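Sequence lines set the chain letters: A, B, ... in the order given, protein chains first and strands last, and positions in each chain run from 1. Hydrogens, waters and symmetry mates play no part in the numbers below; they use all other heavy atoms, side chains included. Note that the structure is predicted; figures quoted are calculated from it, not measured.
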Amino acid sequence: MSAPQGSFEAARLEKLHAIEALGLDPWGGRFDGHQSITTVLALPADLPEGQRPRVRIAGRIVSRREGGKVHFLDLKDWSGTPTFREIKGEREGEVEKIPDLSSRIQVMVGQKQVGETGWQLAQQLDLGDLLGVDGAFGKTKRGEPTVFADQLTFLGKSLLPHPDKFAGLHDLEHRLRHRYLDLVHNPETLDRARKRIRIVQTIRRFLDERGFWEVETPTLHAVAGGAAARPFITHHNALDIDLYLRIALELHLKRLLVGGIEKVYEIGRVFRNEGISPRHNPEFTMMELYQAYGDYHSMMDLTEELIVACVQALGGGMKLPYGEHLLDFTPPWQRQTYAELFERHVGVSMHDADAVRQVADREGLPTAGKDTAVLVHHLFEEHVEDKLLGPVFVYDYPAPLCPLTKRKRDNPAIAERFELYICGMELANAYTELNDPLTQEQTFRMQLAGLPEEESMAKMDEDFLRALRHGMPPAGGLGLGIDRLVMLLTNTPTIREVILFPLLRPEKK
RNA sequence: GAAGGCGUAGCUCAGUCGGUAGAGCAACGGACUUUUAAUCCGUAGGUCGAGGGUUCGAGUCCCUCCGCCUUCACCA
């Protein structure tokens, strides 16, 4: 430990021992019956002394103003609730969510009021310590809502100094490596975490109410299927086999459809051994659901309802800002076919193989040995995706891109699949599930020309095929990226901020 | 994986042309019973990300390495 930090810690250790010498536990203990600071702040504050409500609060000391015989502390807990502010002027009508700072409250500690031990304890308090306070709630002469303490209960020492009370904690790397400090000192971080929880709760409640069963399926897979991604590899010692961390939830959930669980979902972590970017973390959270006897149109309706429910749960109305954009989630959302979007933005029909190849050549895309569908999709990603402000359902995909999807009965070149785009991001992916084991086996065997196996969704999974052979009901299925949904609904530009502990390279030593 | 940018006290940041390492807050000692970025007096706090090089002299210029950010590639 370096000298200066050591001296900070030494000073605080001395105070810890002084607290022990008072007969108090410097690490605190059970503290029953305290009210949240938000609750206390809602109490009447203007009552005359003597009629003030008794309160008991607990929290962290985040600011301190010492006088000779009276100290003022600011205590903070987690009870602040998000509030909303209407934006005036140019962006009239927009709503911006702002973290409510009301989970801070001032405490007055007077020498006479807290008694001998209390006053000696007050001398040993540091920024960052945890403290319980009993007292009366009212206002100071300056009108500040305040708990006038008559009893202090020490609840925990902070041996290391916290970030500056005014300047706070801004360094991004520091915030990510010490997320606990970020949560304490940046209200928007706690607020974002709270909103994420609320979104996930809403999804669970929504699906539970509609009769879906939430299940848990294995994270360790013998075959990493269900998506096109490089897996992480791990090893099981007792069985002496390599296993993959799952890259999707799909194949196990479909096995459950075969097993008669007619509406099923899972919210869980998946792992993809690929690059890190503002939109990609190696582990992220997916929600996948499957509904027997549905199809991709029923999934579109469900997706729209589900996300609208999440938007409502945040309480900020149907129009949410995202960066420079204002996203309008008011249903119904646009629904456009892949083919029409392709033609509009690329300028040729996706069914015209020669024209597609010409455009790809002109733009310098490698075309040799590539399937036309692959070129089509490259052009789609290049020219269409970032124009999809949305929310917009893009449906009817080129079949070769979709090995797990049922083809249209009247046109086997088209798969019954949609993706939901918002702000150029793929947020959800859904299809009419392929339940025909014979076709499924063919698509597994048929490697897309020019695609290495690891980039293909078509990974042979014999056990899954055997399950299909026992009869899977026709079904609609949906995959939803939870992290990206949270990004969009909380106006957060990077995935690192919606994941509490994103992957960072370990610190050296 | 590639290119560009950044890294100075516990935190937030200055640091000119290469010439003694700085401020605010936090900390430590002292004064003060209604403060609120409290104030006042005083003290202490640094391997300038790490290592090497150029130079009389490097936080500053050069090289290598580490970490983070951005863009690209891969991908959702």
Considering every strand shown, what is the Watson-Crick or G-U wobble mate of G4(B) when both distances are under 3.5 Å? C69(B)
Determine whether any donor atom in the side chain of Q106(A) lies under 3.5 Å from an acceptor atom in the base of U35(B), or the reverse, and answer yes or no. yes
Could you tell me which nucleotide pairs with C25(B) by Watson-Crick or G-U wobble geometry, both distances under 3.5 Å, or answer none if nothing does? G10(B)
Judged by modelled atom types alone, do T492(A) and R196(A) share a side-chain donor-acceptor pair under 3.5 Å? no
Tell me whether the side-chain N/O atoms of R142(A) come closer than 4.0 Å to OP1 or OP2 in U34(B). no
Could you tell me whether a side-chain N or O of R246(A) sits under 3.5 Å from a main-chain N or O of T217(A), the two making a donor and an acceptor? yes
Strictly distance-based, threshold 3.5 Å: is any side-chain N or O of N281(A) a donor or acceptor partner for the main-chain N or O of L503(A)? yes
Using only atom types and a distance under 3.5 Å, with no angle test, would you say the side chain of Q113(A) pairs donor to acceptor with the backbone of V109(A)? no
Closest nucleotide among U70(B), A37(B), C11(B) to the P163(A) side chain: C11(B)
Given the C1' atoms of U54(B) and A14(B), what is the spacing between them in whole Å? 27 Å
Students often get this wrong, so: under 4.0 angstrom with heavy atoms, is D483(A) touching a base, only sugar-phosphate, or nothing? nothing
With the side chain of F72(A) defined as its heavy atoms from C-beta on, choose the nearest nucleotide among U35(B), G24(B), A76(B). U35(B)
Side chain S79(A), main chain T38(A), donor-acceptor under 3.5 Å: yes
Which nucleotide, if any, forms a Watson-Crick or G-U wobble pair with G18(B), using both distances under 3.5 Å? none
Among the nucleotides A76(B), C11(B), U12(B), which one has an atom lying closest to any side-chain atom of A228(A)? A76(B)
Could you work out which one of U36(B), G10(B), U71(B) sits closest to the side chain of F8(A)? G10(B)
Determine the contact category for H174(A): base if any of its heavy atoms lies under 4.0 Å from a base atom, sugar-phosphate if only primed atoms, P, OP1 or OP2 are that close, otherwise nothing. sugar-phosphate
Closest to the side chain of T140(A), out of C74(B), U36(B), C28(B), is U36(B)
If you measure from the C1' atom in C69(B) to the same atom in G49(B), how many Å do you get, rounded? 15 Å
Ring centroids of F284(A) and A76(B) base under 5.5 Å with planes under 30°: yes
Between D164(A) (side chain only) and F166(A) (backbone N and O only), is there a donor and an acceptor less than 3.5 Å apart? yes
Pick base, sugar-phosphate or nothing for G481(A), based on heavy-atom distances below 4.0 Å to the nucleic acid. nothing
How would you label the contact of R496(A) with the nucleic acid (heavy atoms, under 4.0 Å): base, sugar-phosphate, or nothing? sugar-phosphate
Which residues, if any, of residues 43-64 of chain A bring a heavy atom under 4.0 Å of RNA chain B? S63(A), R64(A)
Of the listed nucleotides U70(B), C69(B), U34(B), the one nearest the side chain of K141(A): U34(B)
Whole Å only: how far is the NZ atom of K15(A) from the P atom of A27(B)? 7 Å
I need the NZ-P distance between K112(A) and C32(B), as an integer number of Å. 15 Å
Given the C1' atoms of C62(B) and U55(B), what is the spacing between them in whole Å? 12 Å
Can you tell me the distance, in whole Å, between the CG atom of L127(A) and the P atom of A27(B)? 5 Å
Output the single nucleotide from A76(B), G10(B), C13(B) whose closest atom is nearest the side chain of H170(A). C13(B)
K139(A) vs S277(A), nearer the 5' end of RNA chain B by closest nucleotide: K139(A)
Between H178(A) and H174(A), what is the ring plane arrangement, given parallel below 30°, perpendicular above 60°, and tilted in between? perpendicular
Would you indicate what L504(A) reaches in the nucleic acid, counting non-hydrogen atoms under 4.0 angstrom: base, sugar-phosphate, or nothing? sugar-phosphate
Separation between the P atoms of G5(B) and A44(B), rounded to whole Å: 40 Å
Partners passing side-chain contact (heavy atoms from CB on, under 4.5 Å) against R56(A) (at least two apart in sequence or in another chain): F31(A), H34(A), D134(A)
Over all strands shown, is N281(A) touching base, sugar-phosphate only, or nothing at heavy-atom distances under 4.0 angstrom? base
What nucleic acid atoms does E144(A) come within less than 4.0 Å of, heavy atoms only: base, sugar-phosphate, or nothing? base
Take atom P in G4(B) and the same atom in C65(B), then report the distance between them in whole Å. 13 Å
Protein-nucleotide distance (D150(A), atom CG; U33(B), atom P), rounded to Å: 20 Å
So what does G110(A) touch, heavy atoms closer than 4.0 Å: a base, only the sugar-phosphate, or nothing? nothing
Using a cut-off of less than 4.0 Å, is there contact between a side-chain N or O of R65(A) and OP1 or OP2 of A38(B)? yes
If I pick the P atom on G45(B) and the same atom on C40(B), what distance separates them, to the nearest angstrom? 23 Å
Could you check whether G479(A) gets within reach of a base, just the sugar-phosphate, or nothing at all, counting any heavy atom under 4.0 Å? nothing
Nearest-nucleotide pick for E274(A), side chain only, options being U33(B), C25(B), C74(B): C74(B)
Using atom C1' in both nucleotides, what's the gap between G46(B) and G7(B) to the nearest angstrom? 15 Å
Can you measure D386(A) atom CG to U71(B) atom P for me and round it to whole angstrom units? 14 Å
Spacing between D74(A) atom CG and U35(B) atom P, to the nearest angstrom: 14 Å
Starting at the 5' end of RNA chain B and moving along, which residue's nearest nucleotide shows up first, L125(A) or M286(A)? L125(A)
Those residues at least two apart in sequence (or on a different chain) that pass side-chain contact (heavy atoms from CB on, under 4.5 Å) with P53(A) are L43(A), L47(A), F137(A)
For the side chain of Y421(A) and the backbone of A428(A), is there at least one donor-acceptor N/O pair under 3.5 Å apart? no
Say we look at G22(B) and U16(B): how far apart would their P atoms be, to the nearest angstrom? 14 Å
Backbone N or O of N429(A) within a donor-acceptor pair of the R417(A) side chain at under 3.5 Å? no
When you measure from the side chain of R272(A), which nucleotide among A76(B), C68(B), A27(B) comes out closest? A76(B)
Interatomic distance, R246(A) CZ vs A76(B) P [rounded to whole Å]: 17 Å
Phosphate contact (C25(B) OP1 or OP2) by K165(A) side-chain N/O below 4.0 Å: no
Just how far, in rounded Å, is P of C28(B) from CD of Q123(A)? 12 Å
Name of the residue among Y397(A), F393(A), F418(A) meeting ring-ring contact (aromatic ring centres under 6.0 Å, His included) with Y338(A): Y397(A)
Which part of the nucleic acid, if any, lies within reach of R12(A) when heavy atoms closer than 4.0 Å are counted: base, sugar-phosphate only, or nothing? nothing
